[in-house]
Number of protein chains: 2
Amino acid sequence: MEKVTIYDVAKEANVGIGTVSRVLNNSQRVSDKTKKKVLKAIKRLKYQPNAMARGLALQKTGSIGILVPAVTSHFFIEVLKGVQHGLEERDMDLVLYNVNFDDSYNISNKERYINRILSEKRVDGVLAITMKMTEDEINRFKNLRVPLVLVNDFYEKISSVFVDDLAGAKKATNYLTALNHQRIAFLNGCMDCRQGQDRMKGFKTALLEANTGVYDELIKIGDFNKESGYEMMKEILDLPREDYPTAIFAASDIQAIGALEAINEAGYSVPEDFSLVGYDNIELSKYLKLTTIAQPMFEMGKLGVELLVDSIQSNGDEIVQKELEPELLIRESC
Amino acid sequence: MEKVTIYDVAKEANVGIGTVSRVLNNSQRVSDKTKKKVLKAIKRLKYQPNAMARGLALQKTGSIGILVPAVTSHFFIEVLKGVQHGLEERDMDLVLYNVNFDDSYNISNKERYINRILSEKRVDGVLAITMKMTEDEINRFKNLRVPLVLVNDFYEKISSVFVDDLAGAKKATNYLTALNHQRIAFLNGCMDCRQGQDRMKGFKTALLEANTGVYDELIKIGDFNKESGYEMMKEILDLPREDYPTAIFAASDIQAIGALEAINEAGYSVPEDFSLVGYDNIELSKYLKLTTIAQPMFEMGKLGVELLVDSIQSNGDEIVQKELEPELLIRESC
DNA sequence: CTGTTAGCGCATTCAG
DNA sequence: CTGAATGCGCTAACAG
């Protein structure tokens, strides 16, 4: 079973390779008869076009790249499922560029990957998922006209799909105030990213609207990871007993889990002593029965490919922004 | 910033394209002086070879495919990290073929993906992770001389890296008998795959060696998923109280988690009423403090690429089998 | 050591 | 409507 090229098919069908190519791309103007003849030859020879050759001629690869930090995160996996779903409908391939921020032998390979993507032309476009892209990096894509869409991030000059974090934080906070909590703590992630800023705004807005007090000592800024959640919660537990909050809103599930550890270590429990709500709806949160804000991860991935493929096909610079709504998912931590 | 080809570099450096190609592939026989000249031109023009063209000429793509069912599984994610690590060292790309077994609009796309991989030639070889490949499918790879290595599965005619499941099951069981358990239940996955068979064998062997009883009513065969674990545990809880086991060994963590739910629902708890040990060491098991058998997932991925890349480069049919050792990870469920 | 040429497999002119 | 020629960007074999 040797490799069969378009020439073999042409010979088998007694036509020129041009004709074969035409039926392959079901270009117009091929008589039904020869078309059938060629199709039959293709089937007989089990011919399938070589992706490299086609890519070279067409200047299109039929695959997209996805740039992501830490494939390991559950958030990413869910998004990936959506991406796969969208890609499959279009018979496109996915090449994965997993950016590694903490690799010992290489501080970050982000730059290297971007260079490769931009010059090697192995992919027709890229989806950047939860990747803080600098303006400079984004401009490089624009200049080289390599379609780029941001997933779970927002930048006005580029197509992006993201979630309304302000609304998400408000939903969480509203739920807590509706439960009559008067002193609510907020364990936030970074404040130099959109997510952190918007969630902070949503939290405070909801509090004001509910006429509930805002206590600076209960508002902590850290990181979106578990350790940070743990540390911030410990600080709160170090406050005088009478300053304790009755509820805690964490900006990520994984922070909430860290906070939970601190709470348990201190001999308290959830929801008896503190109500706790997280953010993201990662798989773990289900098992820990954590009330949380669910992000539409699958849909983000699916929408992302849609935007990207459209952009690739239209070759246009149309910028589309899609904002998705997060949902409150009530479980047993409040 | 237009696209720059090898011709531009040649012109810039006042040499022929052959020379440029030679320094690119640091082929021998290029004078140091011209080499330097070309390198400088490359840098000045920010040139990088086009992957498609190079692939076409070389009949090598510089990327491998990975075939996997359900990207969503934590097991796969860990393996993927190892794969990525190995690939990065070699500057190769990864294209992901996520086989979907339960997609509504398409019973299984496995066949389609295999066809594509084999004919499109977009990848130089493939890593099949936790994919039950039929002998027929494997032979197609062999016939077309597309390197294939199995990860977490074993087939004598092809390179594979897998874990000694018999040893793993024995380690788990030995731990339980050492804890003096006399009635131990086993919640197994399928019995028509190597994993299930070997773990069953390991379980029974360990029991015999420890002179501990083997009770058929405590040995259940189901599936490796959570629902199955839940169901099997319920069946056990339906036994007369005096037939209850004192310990349960589940063939996967996720089954153990299902079993845990059944146990909790029935008003019992772990480790007070039952000891429980799982298998895999997925992330969840850490949070649930489940004692388990840890599989070297990262290493499997890393080893897998190594074997694959060797096979691609040597173009040889050398078959390498690597068996890895699982480890007992003691936590608080026993 | 280095420039030139001929494919790699396909899509797309351009003539018939 | 269809066959032949040209080029996509690069490597490798062939002459110098």
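Protein chains get the first letters and strands the later ones, always in sequence-line order, with residue 1 at the start of each.
- With hydrogens and angles disregarded, no donor-acceptor distance shorter than 3.5 Å links the side chain of A:S160 to the backbone of A:F154.
- Between atom NZ of residue B:K142 and atom CZ of residue B:R140 there is a gap of 15.0 Å, rounded to the nearest 0.5 Å.
- Here the side chain of B:Q59 is nearest to one of D:dT2, D:dC10, C:dG9, namely C:dG9.
- Annotation: proximity of residues 48-57 of chain B to DNA chain D (heavy atom, distance under 4.0 Å) is found for B:P49, B:N50, B:A53, B:R54, B:A57, numbered in ascending order.
- Among D:dA12, C:dT2, D:dT2, the nucleotide with an atom closest to any side-chain atom of B:R22 is C:dT2.
- Across every non-hydrogen atom of A:K157 and A:I319, the tightest pair is O-CD1, 3.3 Å.
- The terminal axes of the helix from C:dC1-D:dG16 to C:dG16-D:dC1, fitted over 5 pairs per end, subtend an angle of 50° to the nearest 10°.
- Using a 4.0 Å heavy-atom cutoff across all strands shown, B:V15 reaches sugar-phosphate atoms only and no base atom.
- Rounded to the nearest 0.5 Å, atoms CG (B:L94) and CG (A:L94) are 8.0 Å apart.
- Here A:L96 contributes atom CG and B:D93 contributes atom CG; the two are 9.5 Å apart, rounded to the nearest 0.5 Å.
- If you check every strand for non-hydrogen atoms under 4.0 Å, A:D8 touches nothing.
- Taking atom NZ on B:K35 and atom P on C:dT2, their separation rounds to 11 Å, with Å as the unit.
- Legend: ring-ring contact (aromatic ring centres under 6.0 Å, His included) pairs involving residues 109-152 of chain B, not counting sequence neighbours, sorted by first then second residue: B:Y97-B:Y113.
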